[in-house]
Amino acid sequence: MVRVAVVTGAARGLGRACTERFCRDGIAVLMVDNDTDALAAAVAEIEAIGGTARSVAADITSRSACAEVIGAAVAGWGRVDLLVNSAGVYPRKPVLDIGTDDWRFVFDVNVLGTYFMMIEAIAVMRGQGSGHIVNVSSIDAFKAHPDNAHYAATKAAVVSLTRSLALEVAPMGIVVNSVAPGPMATEAAKQTDWYEPMVAGLPTRKPIEPGEVADLVAYLGSDANVSIVGENVVISGAGVIV
């Protein structure tokens, strides 16, 4: 039986890296993103290397859209074994300039979107008696940086949400965890003014490669993992302890 994964934010960055890793493992992947052009290109590239991938363009801030995403996976393959919530936004703004709309936007995407996807996936996994969910948090949930108070708050919320839901659904055979990467070497991050100084401040002096995080996600979301439950696993190049 082929395992089935749903990955949000799959067109680029960590979501894309997870998709590639899962396809190498023989997992069928439903790639989800709101950037239709980038998503179509990503699916074509995944298929070109022999992966089994389909795509759904969706706005995860809509509960009904999230239900349609999970429904598409079930319609295509009959099940959902793994959900990776990688979609997110990373706005930066001084705390005194963050307005109400800014707060609502980042919470809608990073927290509500994650929650909606989890709830819809859990409904399917509960019927199966099994499933894994991996949410993407950040070291910003624990280590303060200027100009991203609202983002950091959402990632702390993701950690708490992960722990709470993990306790509730573990008896159903569903394993929920989160990962907290440090500065990742994504193309988007490399274009920012904070990327190089942040990497230089790590004891390792090396960025976190998306593929490294994808390898961690792959283990947490595998059937081999039965005892790491409700944890937030940090992969930061010691960026949290300095």
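Quick note: residue numbers are just sequence positions, from 1. The model shown is predicted, which means the values in this text are computed figures rather than measured ones.
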A.B. asks: Under the 3.5 angstrom rule, does the side chain of T8 hit a backbone N or O of A87 as a donor-acceptor pair?
C.D. replies: yes

A.B. asks: Going by ring-ring contact (aromatic ring centres under 6.0 Å, His included), name the residues that satisfy it together with Y90, two or more places apart in sequence or in a different chain.
C.D. replies: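 Listed in chain order: Y151, W194.
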
A.B. asks: Does atom CD of E47 have more than 12 heavy-atom neighbours from other groups under 6.0 Å away?
C.D. replies: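 Counting other residues, nucleotides and ligands, CD of E47 exceeds 12 neighbours.
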
A.B. asks: Quick one: CE on M117 to CD1 on I122, what's the gap to the nearest 0.5 Å?
C.D. replies: 11.0 Å

A.B. asks: Judged by atom type as modelled, is there a donor-acceptor pair below 3.5 Å linking the side chain of D33 to the main-chain atoms of A11?
C.D. replies: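 Indeed, once roles are kept as given, a pair shorter than 3.5 Å links the two residues.
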
A.B. asks: Dump the intermediate steps for side chain to side chain donor-acceptor pair (under 3.5 Å) on D108 and T61, then the final yes or no.
C.D. replies: CA-CA 6 Å; D108 281 353; T61 65; 5.8 Å; no

A.B. asks: Ignoring hydrogens and angles, tell me if any N or O in the side chain of N225 forms a donor-acceptor pair with the backbone of L220 under 3.5 Å.
C.D. replies: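 A pair under 3.5 Å: yes.
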
A.B. asks: Just by modelled atom types, is the G182 backbone N or O under 3.5 Å from a matching donor or acceptor in the S236 side chain?
C.D. replies: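 Judged by distance alone, no pair lies under 3.5 Å.
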
A.B. asks: Is the side chain of S137 donor-acceptor paired with the backbone N or O of K155 at a distance under 3.5 Å, no angle test?
C.D. replies: yes

A.B. asks: Please report, to 0.1 Å, the donor-acceptor pairs under 3.5 Å made by any side chain of residues 183-191, with sequence neighbours excluded.
C.D. replies:
| unit_1 | atom_1 | unit_2 | atom_2 | d |
| --- | --- | --- | --- | --- |
| T186 | OG1 | A189 | N | 3.1 |

A.B. asks: For atom OH of Y115, is the number of surrounding heavy atoms from other residues, nucleotides or ligands below 6.0 Å larger than 12?
C.D. replies: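 Not buried by this count: 12 neighbours or fewer within 6.0 Å.
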
A.B. asks: With rounding to the nearest 0.5 angstrom, report the OG1 to CZ distance, T114 to F107.
C.D. replies: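 Output value for this atom pair is 11.5 Å.
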
A.B. asks: Under 3.5 Å, is there a donor-acceptor pair between the side chain of H150 and the main chain of W103?
C.D. replies: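 Flag not set: sc H150 to bb W103 has no pair under 3.5 Å.
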
A.B. asks: May I ask you to establish whether R3 and W77 are in a cation-pi arrangement, using a distance under 6.0 Å from NZ or CZ to the six-membered ring centre and at most 45° from the ring axis?
C.D. replies: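 No; the conditions do not both hold, so R3 does not lie above the ring face of W77.
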
A.B. asks: Would you confirm whether R12, through its side chain, and G9, through its main-chain N or O, come within 3.5 Å as a donor-acceptor pair?
C.D. replies: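 Not confirmed, R12 side chain does not pair with G9 backbone.
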
A.B. asks: How about N135 and S178: does a side-chain donor come under 3.5 Å of a side-chain acceptor?
C.D. replies: no

A.B. asks: Should E120 and R63 count as an ion pair when the cut-off is N to O under 4.0 Å?
C.D. replies: yes

A.B. asks: List, by chain and number, the other hydrophobic cluster members for V175, where Ile, Leu, Val, Met, Phe, Trp and Tyr join if side-chain heavy atoms come within less than 4.5 Å, directly or indirectly.
C.D. replies: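 Under the 4.5 Å side-chain rule, V175 groups with V229.
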
A.B. asks: So, E209 side chain and G211 main chain: donor-acceptor pair closer than 3.5 Å or not?
C.D. replies: no

A.B. asks: Is it true that L82 and V213 fall in one hydrophobic cluster, defined by side-chain heavy atoms closer than 4.5 Å?
C.D. replies: yes

A.B. asks: Rounded to the nearest 0.5 Å, what separates atom CD1 in I46 from atom OG1 in T52?
C.D. replies: 10.5 Å

A.B. asks: Mind checking what makes side chain to side chain donor-acceptor pair (under 3.5 Å) contact with E212, not counting sequence neighbours?
C.D. replies: none

A.B. asks: Output every pair passing salt bridge (Lys or Arg N to Asp or Glu O under 4.0 Å) with a member in residues 73-94, not counting sequence neighbours, ordered by first then second residue.
C.D. replies: R79-D81, K93-D102

A.B. asks: Does any pair with a residue in residues 9-46 pass ring-ring contact (aromatic ring centres under 6.0 Å, His included), and if so which ones, sequence neighbours excluded?
C.D. replies: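 Non-adjacent pairs meeting ring-ring contact (aromatic ring centres under 6.0 Å, His included): zero.
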
A.B. asks: Do the side chain of K206 and the main chain of V199 share a donor and acceptor less than 3.5 angstrom apart?
C.D. replies: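 It does not hold such a pair.
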
A.B. asks: With rounding to the nearest 0.5 Å, note down the distance linking CG in N34 to CG in L39.
C.D. replies: 9.5 Å

A.B. asks: Under 3.5 Å, side chain of N177 to main-chain N/O of E231, donor-acceptor pair present?
C.D. replies: yes

